[in-house]
Amino acid sequence: MADVIATHAELARAGVDKFFPIFSQNQRRLYRKVGWHNEKTTQEFIRMYQEGGFGYAPQVTEANPIPTDSFATVNNKDYYWVKRGLGWKTSFEALETDQYGVTKRVAKKMAKAMEMTKESTAANVFNNATSIAAEYVGPDGKALIAVDHPYNGGTWSNRGVGALNTDVDLSVLTLEQAVEKNMDVVNYRGIPDPVTGPYKLFVPTGLAGLANRLAKSQLLPAGSDNDTNWAGGLVTEVIPNPWFTDPDAWFLVSANQDEHGLFVLTHGGRRVSKKLYEDTEEVAFFLTEKWLFHHMDARGVWGTPGV
């Protein structure tokens with residue numbers, strides 16, 4: 001049976017569909033603050049390559065050939081988007097007695113649920129930042145946050161660890177160390193490729209107070225519970241996230257989108273549809289979207305699960 005709604009006045013009521021885009025556009029979303037690279041595809045997957053980069057330019061003499069170098073794409077990974085959907089079914093009778101706009105509120109709630117799903121899946125990139133499971137590692141075969149990201153001749157670390165390889169908690173000292181580690185980032189050739197800031201600081205809600213004191217301490221007088229620190233001045237925004245699952249985890253991400261490899265892969269757009277069931281006199285509303293939050297390069301991101 002054709003999926004039509006014109007035969008039922010309640011379903012043909014103008015404005016129901018409009019609630020999906022209007023509601024989404026008027027909300028502040030935490031996941032958008034990360035500054036994800038927005039990658040779009042019409043294919044089943046997208047292949048991401050990490051660029052190798054060139055070495056230092058050698059001296060050349062007059063009238064002699066300039067040596068050539070390779071520009072290898074040393075690592076790659078295939079990323080597949082995930083389809084997510086919501087549905088709601090009700091009877092004609094319920095719609096016919098809809099005196100209080102329940103249908104409209106359901107449409108808004110479905111749109112909000114999809115946005116909350118994005119919040120959760122985006123936060124899971126950080127929640128699983130140290131996971132070595134296949135679905136979480138990047139093109140270099142390592143977790144987003146790891147002590148052994150490979151380069152040609154060694155490894156580099158973007159995980160906050162202290163003595164005895166213990167993950168560190170947020171403090172004045174560890175924030176400074178995180179900034180210093182970002183300055184030590186290298187490319188695949190082992191050549192320094194520093195990320196010098198500014199940064200965004202992502203924390204669970206329980207660290208919101210401490211994180212803001214650290215980031216804004218240069219604006220406050222020093223005291224027993226407030227040490228001034230130069231690193232805090234490099235943090236442009238503190239973003240507490242209630243979807244973080246570890247109460248001690250914190251992440252420093254470059255505020256310059258071109259200096260980090262976090263991305264969201266999208267396939268098509270939001271799709272809203274309705275289906276009529278004449279045999280039971282019911283109607284269903286469906287909402288689907290396809291996306292994947294992930295990382296294609298660990299540089300520009302520093303983090304720790306904390307102690």
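- Of all heavy-atom pairs between Leu234 and Thr196, the closest is CD1-O, 4.2 Å.
- In terms of heavy atoms, Asp140 sits closest to Pro150 at OD2-CD, 3.7 Å.
- Considering only heavy atoms from C-beta on, His294 comes within 4.5 Å of Lys77 through its side chain.
- The minimum heavy-atom distance between Gly303 and Ile145, with the atom names listed, is O-CG2, 3.3 Å.
- The two atoms that bring Met110 and Leu86 nearest to each other are O-CD1, 3.4 Å, heavy atoms only.
- Atoms OG and CZ, on Ser273 and Phe286 in that order, are 6.5 Å from each other to the nearest 0.5 Å.
- When Tyr199, Phe126, Trp302 are each tested for a ring pair (Phe, Tyr, Trp, His ring centres under 6.0 Å) with Phe251, only one passes: Phe126.
- Salt bridge annotation for Lys118-Glu289: present, with a cationic side-chain nitrogen under 4.0 angstrom from a carboxylate oxygen.
- Counting only distance, with no hydrogens or angles, the side chain of Asp184 and the backbone of Asn182 share no donor-acceptor pair below 3.5 Å.
- Between Tyr151 and Trp156, the gap from one ring centroid to the other reaches at least 6.0 Å.
- To the nearest 0.5 angstrom, Met183 atom CE is 14.0 Å from Asp193 atom CG.
- A donor-acceptor distance shorter than 3.5 angstrom exists from the side chain of Asp169 to the backbone of Val307, with no hydrogens or angles considered.
- Counting non-hydrogen atoms of other residues, nucleotides and ligands closer than 6.0 Å to NZ of Lys290 gives a total above 12.
- Between the side chains of Thr174 and Trp250, not a single donor N or O lies within less than 3.5 Å of an accepting N or O.
- Rounding to the nearest 0.5 angstrom, the gap separating the OG1 atom in Thr121 from the CZ atom in Phe293 is 5.0 Å.
- Annotation for Gly55 and Asp69: closest pair N-OD2, 3.3 Å, computed over non-hydrogen atoms.
- Remark: Glu115 engages Arg32 in a salt bridge, criterion side-chain N to carboxylate O under 4.0 Å.
- Without hydrogens or angle criteria, Gln50 side chain to Met296 main chain gives a donor-acceptor distance under 3.5 Å.
- Using modelled atom types, one finds no donor on one side chain facing an acceptor on the other under 3.5 Å when comparing His260 with Asp297.
- By the 6.0 Å and 45° rule, Lys89 stacks over the aromatic ring of Tyr277.
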Pair Lys275-Glu282, salt bridge (charged side-chain N to carboxylate O under 4.0 Å, His left out): steps then yes or no: CA-CA 9 Å; Lys275 185 173 182 179; Glu282 293 176 298; over 6 Å; no

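- Ion pairing between a basic and an acidic side chain is recognised when a charged N comes within 4.0 Å of a carboxylate O; Glu259 and Arg299 show no such pairing.
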Test log, rule side chain to side chain contact (heavy atoms under 4.5 Å, CB included), inputs Thr304 and Val161: CA-CA 7 Å; Thr304 173; Val161 293; over 6 Å; no

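- In this structure, Val301 is a member of the same hydrophobic cluster as Leu30, with clusters built from ILVMFWY side-chain heavy atoms closer than 4.5 Å.
- The 12-atom threshold is not exceeded at CD1 of Ile132, counting heavy atoms of other residues, nucleotides or ligands nearer than 6.0 Å.
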